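Structure, as structure tokens:
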Amino acid sequence: MSEPLKIGIAGLGTVGAALVHVLVSRYALLAEACGRPIEIVAVSARDRERNRGIDLRAMTWFDDPIELAKTGDIDVFVELIGGAADPALSAVEAALSRGIHVVTANKALLAKHGVRLAALAEEKGVLLNFEAAVAGGIPVIKAMRESLTGNRVSRLYGIMNGTANYILTTMEREGLSFEACLKEAQRLGYAEADPTFDIEGNDTAHKLAILTSLAFGTEIAADDIYLEGISNISIDDIRAADDLGYRIKLLGVAQRTDSGIEQRVHPTMVPKDSVIGRVDGVTNAVAIESDVLGELIMSGPGAGGDATASAVMGDIADIAKSRPGIQHGPALGKPAAKLVPYKRAKMRSHEGGYFIRVTVQDKAGVFASIATHMAENTISLESIVQRAKHASPAGTGRQTVVLVTHATTEASVRAAVQAMVADGYTIGAPQVIRIERPKAA
């Protein structure tokens, strides 16, 4: 059997501790599968005294992860620190500069510095693996880098944040408000004390930016994504979607158009009977549409120690199976120097249409005015109804109107809604949600 693959792990939180446990407990199984043992020889974390339920006595301890990357006697540096800045950035750069393979679960780091780090890995002839950075245990990175080679991807979309999906699922099942479901998610450990990054779509945007680069051969453009979170989704929206045969999901969507690449993250109505519509709780799912294969949909655990550790372990195993002298594939699917600048697509018609919920004063002429503003903005309506079972109590002088449009542009919808508000008969802010009709059902 070949010499052991020596790894150093920086970051011993939930994922890092789970990874140590798995690698140690499956030592013999991994050695047989990879053709060589995998040994953890060094670790780094902020608190040496913390009880993590794992035995670290045989491993060299580094207080500074950058020093581990610079001087540790390792073949692979595993970065599980998180964040786009130091120490994660400098540690990864130090390891790559030494010609050390890197495995990371850090989507924020890749979204901001991925192209530069990929170029450095190519220059040094080492691997930069990051399966765990997107969709947890789902092997979507491997599928896009390897299995879909030769396919031309036209669109990808998915549920990429378990916290948001858990909240939306619980709102629907329990009939609770967004605020109540968020508190429950925090109690169960699905949401952070400050959940902004998850519920406002930033986490999904980082993951989408990485997938977009792999799918379309562009430079990563995480700062050029239309972003809208779920904090303004109400139980009324959930109920109206149910009446119409839809469920609300926070989707990340990227697609190729004639004018460039479109990237967007926002709440979306999807048919209940679609594959993506049946994804509940903290589960993630990613769909990829391509010319040769058609549509590929993968779903599975999107977060948590074991799911993420499984993806990291797979990346380490790939390195263990590689042999000296074999050319490594580029981290982002094509050489970093050949990635084309990201070109944002022009505003175009959204084929799935829009859901618009607006509460208005109950007086004559309001429905006619709404229809007029739709027509003025060349919006064709599929339906315009007042949902009786969700109506305001009698005598309150208000009505809730639900509009469903045919294909139209975001600009047209926003202009029509603005005109309604300007007329002075709306009560509260109107709600606008895109409707997607996935191919797979």
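Just the heavy atoms: all of them, side chains too, but no hydrogens, waters or symmetry mates, feed the values below. From a predicted model like this one, the values you see are computed outputs, not experimental measurements.
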Does any non-hydrogen side-chain atom of [Y] lie less than 4.5 Å from one of [X]?
X      : Y      : answer
Ile316 : Val312 : yes
Glu39  : Ile74  : no
Ser97  : Leu120 : yes
Glu131 : Asp318 : no
Tyr27  : Ile40  : no

Quick one: salt bridge (charged side-chain N to carboxylate O under 4.0 Å, His left out) pairs with a partner in residues 69-90, sequence neighbours left out? Lys6-Asp73
Salt bridge or not for [X] and [Y], using N-O below 4.0 Å?
X      : Y      : result
Lys142 : Asp315 : no
Asp280 : Lys249 : yes
Asp203 : Lys207 : yes
Glu436 : Arg155 : yes

Cationic tip of Arg434 above Tyr226 ring, under 6.0 Å, 45° of axis: yes
Here's one to test your reading of the geometry: is the NZ or CZ of Arg145 within 45 degrees of the ring axis of Phe130 and under 6.0 Å from its centre? yes
In residues 208-220, what donor-acceptor pairs under 3.5 Å come from side-chain atoms, sequence neighbours left out?
residue : atom : partner : partner atom : Å
Thr212  : OG1  : Leu208  : O            : 2.8
Thr212  : OG1  : Gln263  : OE1          : 2.9
Ser213  : OG   : Thr218  : O            : 2.7

Worked check of side chain to side chain donor-acceptor pair (under 3.5 Å) between His266 and Thr268: CA-CA 6 Å; His266 49 70; Thr268 310; 3.0 Å; yes
